[in-house]
Asks: 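Dropping the structure in here first, questions after.
All values below come from the heavy atoms of this structure, side chains included, with hydrogens, waters and symmetry mates left out.
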Amino acid sequence: MITIDTTNMCSHLQRKLFEEDGIYHSLWIAVQDDPELTAVVRSRQLHIYRNGQKVLVLAGKSAPKVIREDSICELLQIERIKWMEQRFNNALADIKDDSAALLKAIKEDVAELSKYYGSELWKLDFAADEAGNLPPDLKRGVLSEDGIWNLLSDYRDIQKKKL
């Protein structure tokens, strides 16, 4: 079990790592279970090493930085797609309801999806899907260009109607 000093860790990163619904939580569990991996907090970020060589840097608000290819980096991509897929499906279900309370509830999910869609991470995930590099049983509607675009467009249209 890895113990790290979280005193200087970004609060956003702490939530992403340690809360069960955080985007990096499964990654944190994997780091805990792999004796070859170590982690250190530097400059408010989490630096992950395999056998003393840096492989990944996680930050609170910016995208993860892959230093070298490693199985933990592949897990990062799969977990990110799962996390985004969950938000995508929640938002799709709630936007159909069109109630003000539900629209307010999905505001954060829509913001995350909007930031993800068109980002370099989304493009990498989309390319991995197109190349057949993702597990076949992985749900990935979030990688559908039309799916996210339609959701974001519907959300904006509903927001305009509410004004």
Asks: For Asn89, which residues count as a side-chain contact (heavy atoms from CB on, under 4.5 Å) partner, sequence neighbours excluded?
Replies: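 Residues passing side-chain contact (heavy atoms from CB on, under 4.5 Å) with Asn89: Glu85, Leu92.
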Asks: Side-chain contact test, heavy atoms from C-beta onward, threshold under 4.5 Å: evaluate it for Ile4 versus Met9 and give yes or no.
Replies: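 Contact flag for Ile4/Met9 side chains = yes.
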Asks: Check Leu113 against Phe88 and note the closest heavy-atom contact, atom names and distance.
Replies: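 Residues Leu113 and Phe88, closest heavy atoms: CD1-CA, 3.7 Å.
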Asks: Between SG of Cys10 and CD of Gln45, what distance do you get to the nearest 0.5 Å?
Replies: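 Between Cys10 SG and Gln45 CD, I get 9.0 Å after rounding to 0.5 Å.
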Asks: Is there side-chain contact between Val55 and Val66, with heavy atoms separated by less than 4.5 Å?
Replies: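 With C-beta onward as the side chain, the pair stays apart.
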Asks: According to a 4.5 Å side-chain heavy-atom criterion applied to Ile, Leu, Val, Met, Phe, Trp and Tyr, with indirect links allowed, do Ile67 and Leu46 form part of one hydrophobic cluster?
Replies: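 No, separate clusters.
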Asks: Ser153: which residues meet the side chain to side chain donor-acceptor pair (under 3.5 Å) condition with it, sequence neighbours left out?
Replies: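 None.
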Asks: Any idea which heavy atoms bring Ala128 and Gln77 closest together, and the distance?
Replies: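 The pair with the smallest heavy-atom distance is CB-NE2, 3.5 Å.
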Asks: Would you indicate whether the side-chain heavy atoms of Tyr117 and Met84 approach each other to under 4.5 Å?
Replies: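 Not touching, per the 4.5 Å side-chain cut-off.
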Asks: Flag the pair Ile95 / Leu151 as yes when at least one side-chain heavy-atom distance between them is below 4.5 Å, and no otherwise.
Replies: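 With C-beta onward as the side chain, the pair touches.
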Asks: Is it the case that one hydrophobic cluster holds both Leu143 and Trp149, taking links as side-chain heavy atoms less than 4.5 Å apart, direct or via other members?
Replies: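 Same cluster: Leu143 reaches Trp149 through Ile, Leu, Val, Met, Phe, Trp or Tyr contacts under 4.5 Å.
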Asks: Hey, mind stepping through Leu37 and Gln32 against side chain to side chain contact (heavy atoms under 4.5 Å, CB included) and telling me if it holds?
Replies: CA-CA 8 Å; Leu37 293 174; Gln32 297 291 312; over 6 Å; no
Asks: Hey, any chance Leu134 and Leu76 share a hydrophobic cluster, counting ILVMFWY side chains that come within less than 4.5 Å of each other, even indirectly?
Replies: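 Yes, it is one cluster - the side chains of Leu134 and Leu76 are joined through contacts under 4.5 Å.
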Asks: Membership question, hydrophobic clusters at under 4.5 Å side-chain separation (ILVMFWY): are Leu121 and Leu138 in the same one?
Replies: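 Yes; tracing contacts between hydrophobic side chains, which count when under 4.5 Å, links both residues.
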Asks: Measuring only between side-chain heavy atoms, which start at C-beta, is Gln53 closer than 4.5 Å to Arg68?
Replies: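 A side-chain contact under 4.5 Å exists here.
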Asks: Tell me, which pairs form a ring-ring contact (aromatic ring centres under 6.0 Å, His included) where one or both residues lie in residues 22-70, sequence neighbours left out?
Replies: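 ring-ring contact (aromatic ring centres under 6.0 Å, His included) check on residues 22-70 returns Phe18-Trp28.
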Asks: Run the side-chain contact (heavy atoms from CB on, under 4.5 Å) test against Arg15 and tell me which residues pass, sequence neighbours left out.
Replies: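 side-chain contact (heavy atoms from CB on, under 4.5 Å) check on Arg15 returns Ser11, His12, Glu19.
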Asks: With rounding to the nearest 0.5 angstrom, report the NZ to CG distance, Lys82 to Leu75.
Replies: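 So the gap between those two atoms works out to 7.5 Å.
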Asks: Return the OG1 to CD distance between Thr6 and Gln14, rounded to the nearest 0.5 Å.
Replies: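 It is 4.5 Å, given to the nearest 0.5 Å.
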Asks: Decide side chain to side chain contact (heavy atoms under 4.5 Å, CB included) for Ile72 and Asp34; before the verdict, give the C-alpha distance in whole Å, the side-chain angles of both, and the deciding distance to 0.1 Å.
Replies: CA-CA 10 Å; Ile72 199 77; Asp34 191 331; over 6 Å; no
Asks: Shortest non-hydrogen contact from Lys123 to Gly118?
Replies: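 Heavy atoms only, the tightest pair is CE-O, 3.3 Å.
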Asks: If you look only at pairs with a residue in residues 105-116, which of them pass as a side-chain hydrogen bond (donor to acceptor under 3.5 Å, both in side chains), with sequence neighbours excluded?
Replies: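 Sorted result for residues 105-116: Tyr116-Asp125.
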Asks: Are Ile48 and Val57 side-chain neighbours, meaning at least one heavy-atom pair lies under 4.5 Å?
Replies: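 Ile48 does not reach Val57 side chain to side chain.
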Asks: Roughly how far, to the nearest 0.5 Å, is the CG atom of Asp129 from the CZ atom of Arg140?
Replies: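 Answer for the CZ-CG pair, Arg140 versus Asp129, is 4.5 Å.
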Asks: Shared ILVMFWY cluster between Leu17 and Ile29, side chains joined below 4.5 angstrom?
Replies: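 Each belongs to a different hydrophobic cluster.
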Asks: Consider only side-chain N and O atoms of Thr7 and Asp5, and report whether a donor and an acceptor are under 3.5 Å apart.
Replies: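 Distance-only check passes for Thr7 and Asp5.
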Asks: How long is the span from the NZ atom in Lys65 to the CG atom in Leu56, to the nearest 0.5 Å?
Replies: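 So the gap between those two atoms works out to 11.0 Å.
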Asks: So which of Asp21, Leu58, Ile23 actually passes side chain to side chain contact (heavy atoms under 4.5 Å, CB included) with Lys16?
Replies: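 Between Lys16 and the candidates, side chain to side chain contact (heavy atoms under 4.5 Å, CB included) is satisfied uniquely by Ile23.
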Asks: Ignoring hydrogens, what is the shortest heavy-atom contact between Ser62 and Ala59? Give both atom names and the distance.
Replies: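 Shortest heavy-atom separation between Ser62 and Ala59 comes out as OG-CB, 3.2 Å.
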Asks: So, using ring pair (Phe, Tyr, Trp, His ring centres under 6.0 Å) as the criterion, who are the partners of Tyr155 when residues are at least two apart?
Replies: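 Result, ring pair (Phe, Tyr, Trp, His ring centres under 6.0 Å) vs Tyr155: none returned.
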